[in-house]
Peer 1: 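Mind having a look at this structure? Questions to follow.
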There are 2 protein chains.
Amino acid sequence: MAENKPKNIRTQEIMDAAMQVFVKKGFTDTSMSDIMNQTGLSKGAIYHHYQNKKDLFLSLIDHWQNTHFPDFHQYDDKSLSSSQIFQKFSNEVSEKFRENPAVFLAELEFWSMANRDEEVRIKVKKLYGDILNLFENIIKRGIDSGEFKQLDPKVSALSIMTAIQGIIWFTLFESNSFKGEKYLKYVMDFIIHGFLKK
Amino acid sequence: MAENKPKNIRTQEIMDAAMQVFVKKGFTDTSMSDIMNQTGLSKGAIYHHYQNKKDLFLSLIDHWQNTHFPDFHQYDDKSLSSSQIFQKFSNEVSEKFRENPAVFLAELEFWSMANRDEEVRIKVKKLYGDILNLFENIIKRGIDSGEFKQLDPKVSALSIMTAIQGIIWFTLFESNSFKGEKYLKYVMDFIIHGFLKK
DNA sequence: TAATAAAGACCGACCAGTCGGTATAAGTTA
DNA sequence: TAACTTATACCGACTGGTCGGTCTTTATTA
């Protein structure tokens with residue numbers, strides 16, 4: 001029998017295990033027994049910590065945001081220009097990608113589920129809403145300071161986001177992960193260059 | 001009993017019906033009886049035309065490419081500049097999006113399945129390989145003619161593709177589909193402008 | 001052209017197996 | 001011992017796939 005552990009420790013373990021399986025097999029094809037095997041726990045233990053499979057999945061979205069997403073506050077640094085902030089962000093994404101490409105596959109699963117389930121959609125929409133807000137503010141700051149030309153902040157923010165999402169393509173279709181980083185750098189430079197005032 | 005129809009007609013019907021259900025519920029959550037209901041056919045009829053559920057799904061990828069993807073040959077038109085071709089392509093995507101946003105959700109399902117199944121991955125990889133080749137050639141032509149600056153054709157093609165994919169975001173999270181078209185136009189103009197020689 | 005034969009399309013009851021979830025018991029710890 | 005955590009036996013709903021057989025259309029032949 002597995003050692004008893006405090007709730008917060010155990011749930012972290014379950015989250016990490018569930019992430020692996022969900023990313024690999026998708027929500028529906030992942031059975032609770034898959035998660036049991038991955039954690040080494042029993043069915044009863046899992047259901048003790050989570051009401052049901054969907055509850056577990058919804059928790060996973062929070063877990064992803066907390067674990068894998070860059071800390072927002074570090075981008076409030078006023079000493080950096082808007083271009084520099086985007087570059088910094090891009091570098092962090094590259095690093096995440098090199099360490100663990102599966103992080104981005106999780107997003108794919110989130111999007112796919114968002115298309116099927118209202119609750120998931122709301123939660124994922126909020127997740128990306130947060131990101132877009134961050135980008136938008138950085139862009140606005142760049143415009144106000146005279147660094148960027150007169151852009152549409154909302155659409156520009158979205159362009160950056162979708163450009164970054166493009167890296168998922170490499171995780172799926174390209175074995176050599178180096179190229180993903182090259183893509184990201186190239187695209188980011190291209191966009192920022194287009195943002196800058198002449 | 002349903003009227004007997006020639007194979008090619010019937011399979012088209014099944015494909016259209018299956019597309020709707022798969023996009024809405026995803027592969028695993030779609031049962032064969034869902035497809036039965038959507039077509040009005042019996043289980044035996046479906047299995048008469050397709051070996052199994054996965055065979056049906058794989059056929060759907062071909063069907064999508066044939067039905068919803070712009071005809072490649074029209075882009076061989078040498079009288080158009082590379083910029084004009086991309087603009088034309090972008091307009092067609094916009095039109096598709098206005099008519100039926102679910103077309104793009106199908107891609108999401110393809111990607112998601114590509115992550116889980118080797119056969120699907122190979123097929124989807126080829127699909128996007130075709131698209132990327134088309135883009136790459138147009139870009140190369142633009143460079144050779146002096147219209148575009150010295151770009152990396154492969155990465156540039158990928159940038160355009162991922163930018164277009166970004167429209168999926170609107171299908172998922174935004175009710176007002178008009179905005180998707182605005183996004184696409186904005187991004188496409190931005191990219192092309194960046195491609196052009198000064 | 002009429003009768004017959006072959007092919008193709010379609011039907012639905014049925015099977016073996018899987019899954020999410022529940023109820024309850026057993027182990028652990030403070 | 002009381003509270004918490006983990007284990008196990010079990011259930012009902014549902015799924016993909018099979019199969020014997022029927023109905024329709026097309027081809028052949030007399």
Side-chain angles (χ1 to χ4, degrees), chain A residues 1-61 63 109 112-113 116-120, chain B residues 1-61 63 109 112-113 116-120:
Chain A
M1 200 166 183
E3 176 194 8
N4 280 18
K5 287 192 186 176
K7 197 170 189 65
N8 59 336
I9 305 277
R10 190 58 97 197
T11 50
Q12 282 289 322
E13 287 179 6
I14 296 176
M15 286 290 102
D16 288 338
M19 178 69 83
Q20 289 187 47
V21 194
F22 276 131
V23 165
K24 194 171 160 191
K25 307 183 73 172
F27 180 76
T28 316
D29 283 337
T30 296
S31 66
M32 293 307 264
S33 74
D34 286 331
I35 298 177
M36 287 162 54
N37 292 339
Q38 191 74 27
T39 53
L41 291 172
S42 70
K43 188 168 257 194
I46 310 284
Y47 275 95
H48 172 72
H49 291 288
Y50 296 94
Q51 284 192 351
N52 51 42
K53 195 179 166 187
K54 187 173 158 187
D55 176 37
L56 204 156
F57 185 82
L58 286 170
S59 303
L60 208 57
I61 300 175
H63 180 255
E109 192 58 26
S112 171
M113 278 299 288
R116 288 177 233 169
D117 184 280
E118 179 70 15
E119 271 184 274
V120 175
Chain B
M1 199 165 178
E3 178 194 7
N4 277 20
K5 289 191 184 176
K7 198 173 188 63
N8 58 337
I9 303 277
R10 190 57 97 198
T11 49
Q12 281 289 322
E13 288 180 3
I14 296 176
M15 285 289 102
D16 288 337
M19 179 69 84
Q20 289 187 46
V21 193
F22 275 132
V23 165
K24 194 171 159 192
K25 308 182 73 172
F27 179 77
T28 316
D29 283 337
T30 296
S31 67
M32 292 309 261
S33 73
D34 286 331
I35 297 175
M36 287 163 53
N37 293 338
Q38 190 74 25
T39 53
L41 292 171
S42 69
K43 182 166 264 193
I46 309 285
Y47 274 95
H48 172 72
H49 290 290
Y50 297 94
Q51 285 192 352
N52 51 41
K53 196 178 163 186
K54 187 174 159 187
D55 175 37
L56 205 157
F57 186 82
L58 286 170
S59 303
L60 208 58
I61 300 176
H63 179 255
E109 193 58 26
S112 172
M113 279 298 289
R116 291 178 230 168
D117 184 281
E118 180 69 15
E119 270 184 274
V120 175

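Chain identifiers are assigned alphabetically (A, B, ...) following the order of the sequence lines, protein sequences preceding nucleic acid strands; residue numbering begins at 1 within each chain.
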Peer 1: Separation of A:Tyr47 atom OH from C:dT22 atom P, in whole Å?
Peer 2: 7 Å

Peer 1: In terms of side-chain geometry, is the basic nitrogen of B:Asp29 or B:Lys24 positioned less than 4.0 Å from the acidic oxygen of its partner?
Peer 2: no

Peer 1: Mark yes or no for whether B:Glu109, through its side chain, and B:Phe27, through its backbone, hold a donor-acceptor pair below 3.5 Å.
Peer 2: yes

Peer 1: Given 3.5 Å as the limit, does a donor-acceptor pair link the side chain of A:Asp34 with the main chain of A:Thr30, or not?
Peer 2: no

Peer 1: Is A:Ser42 near enough to D:dA7 that one of its side-chain N or O atoms lies under 4.0 angstrom from OP1 or OP2?
Peer 2: yes

Peer 1: Show the numbers, then the answer: is there a side-chain contact (heavy atoms from CB on, under 4.5 Å) between A:Asn8 and A:Gln12?
Peer 2: CA-CA 6 Å; A:Asn8 59 336; A:Gln12 282 289 322; 5.8 Å; no

Peer 1: Nearest whole angstrom, please: distance from the C1' of C:dC19 to the NZ of A:Lys54.
Peer 2: 18 Å

Peer 1: Generate the contact string for nucleotides 3-8 of chain C. Rules: B means base contact, S means sugar-phosphate contact only, - means no protein heavy atom under 4.0 Å.
Peer 2: -----B

Peer 1: Starting at CD of B:Glu3 and ending at P of C:dC10, how long is that distance when rounded to a whole Å?
Peer 2: 9 Å

Peer 1: Where each residue is assigned the nucleotide of DNA chain C containing its nearest heavy atom, which of B:Pro6 and B:Gly44 is assigned the position nearer the 5′ end?
Peer 2: B:Pro6

Peer 1: Distance check needed: D:dT6 P versus A:Met36 CE, whole Å only.
Peer 2: 13 Å

Peer 1: I would like to know whether B:His49 and B:Leu56 meet side-chain contact (heavy atoms from CB on, under 4.5 Å); could you show each step before the answer?
Peer 2: CA-CA 9 Å; B:His49 290 290; B:Leu56 205 157; over 6 Å; no

Peer 1: Is any side-chain N or O of B:Lys53 closer than 4.0 Å to OP1 or OP2 of D:dG16?
Peer 2: yes

Peer 1: Without decimals, in angstroms, what is the distance between A:Ile9 CD1 and D:dT5 P?
Peer 2: 12 Å

Peer 1: Just verifying a value: how many Å separate B:Lys25 NZ and B:Ile35 CD1, rounded to the nearest 0.5 Å?
Peer 2: 10.0 Å

Peer 1: Could you walk me through whether A:Gln38 and A:Ile14 pass the side-chain contact (heavy atoms from CB on, under 4.5 Å) test, one step at a time?
Peer 2: CA-CA 8 Å; A:Gln38 191 74 27; A:Ile14 296 176; over 6 Å; no

Peer 1: Taking CG from A:Asp55 and P from C:dT22, how many angstroms apart are they, rounded to a whole number?
Peer 2: 12 Å

Peer 1: Phosphate oxygens OP1/OP2 of D:dC4: is one of them under 4.0 Å from a side-chain N or O of A:Arg10?
Peer 2: no

Peer 1: Measure the distance from CG on A:Asn37 to C1' on D:dA7 and round it to the nearest whole Å.
Peer 2: 14 Å

Peer 1: OP1 or OP2 of C:dC10 versus the side-chain N and O atoms of B:His49: is any pair under 4.0 Å?
Peer 2: yes

Peer 1: Hey, can you pull the residues of residues 11-32 of chain A with a non-hydrogen atom under 4.0 angstrom from DNA chain C?
Peer 2: A:Thr30, A:Ser31, A:Met32

Peer 1: Take B:Asp16 and B:His63 through the side-chain contact (heavy atoms from CB on, under 4.5 Å) test and state the conclusion after the steps.
Peer 2: CA-CA 9 Å; B:Asp16 288 337; B:His63 179 255; 3.1 Å; yes

Peer 1: Within this structure, what is the CG-to-P distance between A:Leu41 and D:dT8, rounded to whole angstrom?
Peer 2: 12 Å

Peer 1: Out of D:dA7, D:dG17, C:dT29, which has the shortest distance to the side chain of A:Ala45?
Peer 2: D:dA7

Peer 1: If I take atom CG from residue A:Leu58 and atom CD from residue A:Gln51, how far apart are they, to the nearest 0.5 angstrom?
Peer 2: 10.5 Å

